[in-house]
Amino acid sequence: MTTLKFRNNDEMPILGLGTFRSEPNEVYNAVLSAIKMGYKHIDCAAAYGNEKEVGNAIAEAIHQGLVTRNDLWVTSKLWNASHGAENVIPALHQTLEDLQLDYLDLYLIHWPVVLKKGTEMPEKASDFITLSEVPLTSTWKGMEAALEQGLAKHIGVSNFNENHLKAIMATAVHQPEMNQVEMHPFLQQEELKSFCLQNDILLTAYAPLGSLVDENTKLRLLENDTIKNIANSRNMSPAQVALSYTIQRGVAVIPKSTNESRLLQNLETLNHTLTKEDMALLKDLDKGHRFIDGKFWEVENGPYTADNIWNA
Ligand code: A2P
C-alpha cells in the first residue's frame with residue numbers, strides 16, 4: 001500500500017478508515033471487516049464516542065492473527081475539553097485504555113478550540129475557554145510529553161490554519177508532523193498545503209468524499225458531473241475518483257464507511273491511477289467549500305467563530 005513517510009522514515013498507509021459518525025454498534029464490524037480486507041490505518045478520536053468498540057475490533061483482529069499491532073497505524077485525537085499541558089496525558093491514557101493499546105502511532109490536537117472540562121459540545125459562551133487563557137503552546141507541551149513518554153510515536157494537529165501552526169512551531173521542541181483537515185476536490189486548500197509542505201508537515205484529508213451531502217446547499221461532491229464523467233471513462237466509482245485525486249496530491253485520505261462493499265471499493269482506489277488530464281479537470285472543481293463548516297463552535301457572545309478558526 002502506498003504510504004506517506006514521516007521524518008524518521010516511519011510510513012503511514014495513505015488510505016485509512018475514518019470512524020467519525022460510525023455508530024458504536026456498527027463500528028466494530030466495520031473495523032474488523034476493514035482489517036480483514038487489508039486496511040492497516042484506522043483514524044479515531046475520543047470525541048467520536050466509539051473508541052471502545054474500535055478497540056474491541058482491533059483486539060479481535062490481533063487475536064485472530066489477521067494483523068499484529070505493529071502492522072497497524074492507529075491515530076486518535078485529543079478532545080477540546082482536555083487542552084492544557086497537564087490534561088493531555090490523562091486524556092491519552094483514557095484513549096489508550098479504550099482502544100486497548102499501549103501506544104498510538106499518531107496523536108492529534110482535534111481543534112484549535114478550548115472547552116471547559118467535561119464539555120462534549122458547547123451550548124453557551126461559558127462552556128468555552130479562550131486561546132489566550134489556554135494557549136495552543138501549552139497544549140503542545142502536553143503533546144510533546146506524550147511523544148517523549150512513547151505513548152504516541154508521532155504528534156500533530158487537526159483543523160489548524162497557518163497561524164495556529166506558526167504559533168506552536170515558534171516554541172516547539174518537537175515540531176508538528178501532521179495536520180488533518182477537510183480536503184476534497186471542492187476544498188483543495190492549496191495555500192495551506194504549500195505551507196505544510198515547506199515545513200515538513202504531512203496532511204490527512206478528512207471528509208474526502210465530501211461527507212455526502214451539505215444540508216444547507218444540497219451540494220453533493222459525488223454527484224458532480226466532472227467526477228462522474230471521469231469515473232465512467234476510467235471504470236472507477238465517483239468515490240474512487242475523489243479519493244484518487246487527493247491521494248495523487250500526496251495527501252492521506254480517511255473515508256468513513258460502515259458498509260462492507262463501500263469499504264472494499266474505497267480500499268480498491270489504490271488499484272487506480274488518474275491521468276494528468278483527469279487531475280487538471282479535477283483541479284478546476286475547487287470552490288473552497290467546507291462541508292464541516294465549523295459553525296457549531298459559534299454561540300452567542302462566544303470567543304470562537306468559524307471565520308476566526310479557518311482564517312484568523
Ligand atoms: P456509509 O458508511 O453508509 O458507506 P466522508 O468520509 O467524506 O465523511 O464520507 C462518509 C460518507 O460517505 C458516509 O455517509 C458513507 O456512508 C459514505 N460513503 C463511504 N464510502 C462511499 C462510497 N464508496 N460511495 C458512496 N458513499 C460512500
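Order of appearance sets the numbers: ligands from 1, and atoms from 1 within every ligand.
Close approach to Ala207 involves these atoms of ligand 1, each under 4.0 Å from a residue heavy atom: 5 (P), 7 (O), 8 (O). For ligand 1, the atoms lying closer than 4.0 Å to a non-hydrogen atom of Pro255 are 6 (O). Near Ala239, the atoms of ligand 1 lying under 4.0 angstrom from a non-hydrogen atom of the residue are 22 (C), 23 (N), 24 (N).
Between Asp127 and Lys124 there is a salt bridge, with a side-chain nitrogen of the basic residue lying less than 4.0 Å from a carboxylate oxygen of the acidic one. Under 4.0 Å is where a charged nitrogen must lie from a carboxylate oxygen, and between Asp10 and Lys153 no such pair does. Using a cutoff of 4.0 Å between basic side-chain nitrogens and carboxylate oxygens, Arg69 and Asp102 are not scored as salt-bridged.
Residue-level proximity to ligand 1 for Asn266 is carried by the side chain, the only part with a heavy atom below 4.0 angstrom. Both the backbone and the side chain of Lys256 come within 4.0 Å of ligand 1, counting heavy atoms alone.
In terms of polar-atom proximity, Ser211 is counted as a contact of ligand 1, with an N or O under 3.5 Å from an N or O of the ligand. Below 3.5 Å of separation, one finds an N or O of Leu209 facing an N or O of ligand 1. By the 3.5 Å distance cut-off applied to N or O atoms, Asn259 is not counted among the residues near ligand 1.
Contact between Pro208 and ligand 1 is present, with at least one heavy atom of the residue lying under 4.0 Å from the ligand. Within the structure, ligand 1 lacks Gly18 among the residues with a heavy atom less than 4.0 angstrom away.
Checked by atom type, the side-chain pair Gln180/Thr204 shows no donor-acceptor distance below 3.5 Å. A donor atom on one side chain and an acceptor atom on the other are not found under 3.5 Å apart for Glu298 and Thr305.
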Could you pull out all donor-acceptor pairs under 3.5 Å where a side-chain atom in residues 249-264 meets a protein atom, sequence neighbours excluded?
| unit_1 | atom_1 | unit_2 | atom_2 | d |
| --- | --- | --- | --- | --- |
| Arg249 | NH1 | Gln188 | O | 3.0 |
| Arg249 | NH2 | Gln188 | O | 2.9 |
| Arg249 | NH2 | Glu190 | OE1 | 2.7 |
| Ser257 | OG | Asn259 | N | 3.0 |
| Ser257 | OG | Asn259 | O | 3.4 |
| Asn259 | OD1 | Ser261 | N | 3.0 |
| Asn259 | OD1 | Ser261 | OG | 2.9 |
| Asn259 | OD1 | Arg262 | N | 2.9 |
| Glu260 | OE1 | Ser33 | OG | 3.2 |

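Checked against the 6.0 Å centroid criterion, the rings of Trp73 and His154 qualify as a close aromatic pair.
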